[in-house]
Amino acid sequence: MEAIHLAYVLVFLLPVVFLLRLRRRGPPTTTAHCPHPNPVLGNTLDFIRNRRRFFDWYTDLLRAAPSGAAIEAWGPLGAGHAVTTASPADVDHLLRAGFDGYARGALFRDATAELIGDGLFAADGRLWSLQRKLASHAFSSRSLRRFTDGVLDVHLRRRFLPLLDAAAARDGGAVDLQDALRRFGFRTICHVAFGVESVDGGDDDPATQEALFAAFDTAVAISFRRALTPATFVRRLTKLLDVGKSRRLREAVHVIDAYAMSVVESKAAACHRNGVDDGSADLLSRFMAAMDDGGGSELGAMFPTPAAKLRFLRDVVVTFVLAGKDTTSSALTWFFWLLAANPRCERRAHEEAASLSCDDDGEVKGMPYLHAAITEAMRLYPPVPFNGRIAVRDDVLPSGAALRAGWYANYSAYAMGRMEKLWGEDCLEFVPERWLGERGEFVPVDAARYPVFHAGPRVCLGKEMAYVQMKTVAAAILQRFRVDVVAPVASMEAPPAYEMTATMKMKGGLLVRLRRREE
């Protein structure tokens, strides 16, 4: 009997000893703070416990780091080894000075392949640079003027504001401002990037819209969580068996594919009828021209078959929908909640909006306080709160954190906005004035300290367009309505919960009552 008990003990202990030995032979020592040095499980258990407050959890860890710069974490047996930083010097190294040493990498592409495929956000190397160059034409000065002249007029004055007018006209009626802003953002990016004015390329059927929005939400949430953790046997098994999240992702992507392909087919028919004017072509038209076999395009040559070209154009559509659907809308949602929680700031923003002047092109001018308030809102609640790369080769960050090739190298814009070392003792307060100079002018800071729009070669192409859109929408609402927040409660002491996804959406939306201001 004792021999049997001893056998059971050995069966249990030997795998543990083996795992410990593997762990010791694993990743090298790094100077980054390592808050959960479990020899086998790494920080897996803490990740599970904090999965619903991931961004705040990492903020806490980075604040507690002795250097205040970088922390090290890993999964079981060192899988998914990562260094995450909130140091501007490290961010500058990752995004600018050491750019060539980091890439999106195979791990990210594997996690997001079903959703964005070979699109710009997942691409590396020559595939990325060719897409980047082609996409830049859609965000030129000429495109920006066309955006303010046409797109905003169509979607803001003819659709969005009448929707809010109708909500204000209902006695005691409330509207989910986040949802309204998301739909507005979706329509504008589709118009700018694909020349499509309605959500589905045809009529704006409510059921079609709801299904499409739900599919994007599901696919983004699942893909984002996968990007945070290495692929596991369970994930591969659920995909093989088509169950659980793998099935939900497949079903969501099926809905997204149907939308994307309808846009591609509609655009192909339009280009065939009318041709493509390089001076006014939308983004999708330019990518379609690059896929033309007769064009001699290097990008087109990377996708040699008609099916591959079609799949890539689908990836282009999905990528740019993701770029514009939830980013500006989430920023404006938090902006209006923060104004409600800070009445002094709301009054000043309204006073400036009430005296708004526009130039002949309709572009918002002379609004430094509103610009500062939106920028401050994104400091506290960045639309993309967490970002990262994979180390291509061994490297050492300026903070002293060592990385081995294949490790995750992350930075948290959300945590950086909450660092006293970067923003002072009032870092958790909403203070638009921190962005204003002595004469009231807007004074930006270096992108490595404020990486809301990324930095370096991958800096956001749509930054200027996003500011124009956000300022125009915010000014129009402030001029026209008093925005009374119903839920969540507008108090800096009780901030709302956020959704655990790639963009910082307010959990449950932002329920407001709108009252028309006196004419």
Side-chain angles (χ1 to χ4, degrees), residues 50-60 62-63 164 167-168 172-182 326-353 369-383 385-386 412-420 422-436 450 452 470 473-475 477-478 480-501 503-515 517:
N50 291 279
R51 65 188 183 280
R52 301 188 189 283
R53 59 178 300 272
F54 177 84
F55 307 127
D56 284 294
W57 174 48
Y58 256 85
T59 299
D60 294 341
L62 286 161
R63 283 181 182 148
L164 299 190
V175 63
D176 182 350
L177 187 57
Q178 177 170 256
D179 183 67
L181 288 165
R182 287 181 71 200
D326 290 327
T327 48
T328 56
S329 62
S330 67
L332 285 172
T333 298
W334 291 102
F335 165 77
F336 279 105
W337 181 86
L338 287 163
L339 286 188
N342 296 271
R344 174 191 65 82
C345 300
E346 192 278 338
R347 286 192 296 271
R348 186 167 176 183
H350 168 251
E351 289 171 359
E352 186 178 70
Y369 188 82
L370 187 59
H371 195 106
I374 291 172
T375 303
E376 177 74 346
M378 291 190 291
R379 178 185 70 83
L380 290 170
Y381 296 100
F386 196 85
S412 172
Y414 181 86
M416 292 178 75
R418 286 164 164 71
M419 289 291 171
E420 187 173 321
L422 299 181
W423 301 102
E425 295 181 357
D426 61 353
C427 62
L428 298 181
E429 299 177 21
F430 180 68
V431 186
E433 288 80 4
R434 77 173 78 244
W435 297 92
L436 299 177
Y450 181 79
V452 169
M470 289 187 291
V473 172
I477 293 176
L478 288 167
R480 205 175 188 102
F481 305 104
R482 296 183 185 275
V483 181
D484 298 325
V485 171
V486 177
V489 176
S491 168
M492 295 298 288
E493 285 68 43
Y498 49 76
E499 293 186 16
M500 257 305 301
T501 186
T503 50
M504 180 141 285
K505 292 186 290 185
M506 190 177 290
K507 192 170 185 178
L510 180 62
L511 197 63
V512 302
R513 285 193 177 91
L514 301 170
R515 293 182 294 153
R517 294 186 186 272

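- Between Phe55 and Pro385, the shortest heavy-atom contact is CZ-CG, 3.4 Å.
- With sequence neighbours excluded, the residues that form a side-chain contact (heavy atoms from CB on, under 4.5 Å) with Thr333 are Gln178, Leu181, Met506, Leu510.
- Across all their heavy atoms, Ala474 and Phe336 have their closest contact at CA-CZ, 4.0 Å.
- A pairwise comparison of heavy atoms in Lys505 and Thr501 identifies CE-CG2, 4.0 Å as the closest pair.
- When the shell of 6.0 Å around CZ of Arg53 is examined, it contains more than 12 heavy atoms from other residues, nucleotides or ligands.
- Contacts of Trp435 classified as side chain to side chain donor-acceptor pair (under 3.5 Å), with partners at least two apart in sequence or in another chain: Glu376.
- The line from CG of Asn50 to CG of Asp60 is 8.0 Å long, rounded to the nearest 0.5 Å.
- For the atom pair CG (Leu332) and CE (Met470), the distance works out to 6.5 Å, reported to the nearest 0.5 Å.
- Arg418 places a side-chain N or O within 3.5 Å of a backbone atom of Leu380 that can act as its donor or acceptor partner.
- Taking 4.0 Å as the cut-off between side-chain N and carboxylate O, Arg434 and Glu429 do not count as a salt-bridged pair.
- The CD1 atom of Ile374 sits 11.5 Å away from atom CG of Leu338, with the distance rounded to the nearest 0.5 Å.
- In this structure, Glu425 has no side chain to side chain donor-acceptor pair (under 3.5 Å) partners at least two apart in sequence or on a different chain.
- A donor-acceptor pair under 3.5 Å is absent between the side-chain atoms of Arg517 and the main chain of Arg480, judged by distance alone.
- Relative orientation of the Tyr414 and Tyr498 rings is perpendicular, given thresholds of 30° and 60° on the angle between their planes.
- Not counting sequence neighbours, Arg482 has no partner by the side chain to side chain donor-acceptor pair (under 3.5 Å) test.
- Residues Phe54 and Phe386 place their aromatic rings such that the two centres sit under 6.0 Å apart.
- Minimum interatomic distance between Tyr381 and Met504 (heavy atoms only, all atoms of both residues): CD2-SD, 3.6 Å.
- Between the side chain of Tyr450 and the main chain of Thr375, a donor-acceptor pair closer than 3.5 Å is present.
- Across all their heavy atoms, Val175 and Ala167 have their closest contact at CB-CB, 4.0 Å.
- The closest donor-acceptor contact from the side chain of Asp176 to the backbone of Asp179 lies under 3.5 Å.
- A donor-acceptor pair is defined here as one N or O able to donate and one able to accept, closer than 3.5 Å; such a pair exists between the side chain of Trp423 and the backbone of Met416.
- Closest heavy-atom contact between Met378 and Val452: O-CG2, 3.7 Å.
- A search for salt bridge (Lys or Arg N to Asp or Glu O under 4.0 Å) contacts involving Asp56 returns nothing, not counting sequence neighbours.
- With hydrogens and angles disregarded, a donor-acceptor distance shorter than 3.5 Å links the side chain of Arg379 to the backbone of Gly417.
- The distance from the CG atom of Leu177 to the CZ atom of Arg182 is 12.5 Å, given to the nearest 0.5 Å.
- Scored by the salt bridge (Lys or Arg N to Asp or Glu O under 4.0 Å) test, Glu352 finds no partners at all (sequence neighbours excluded).
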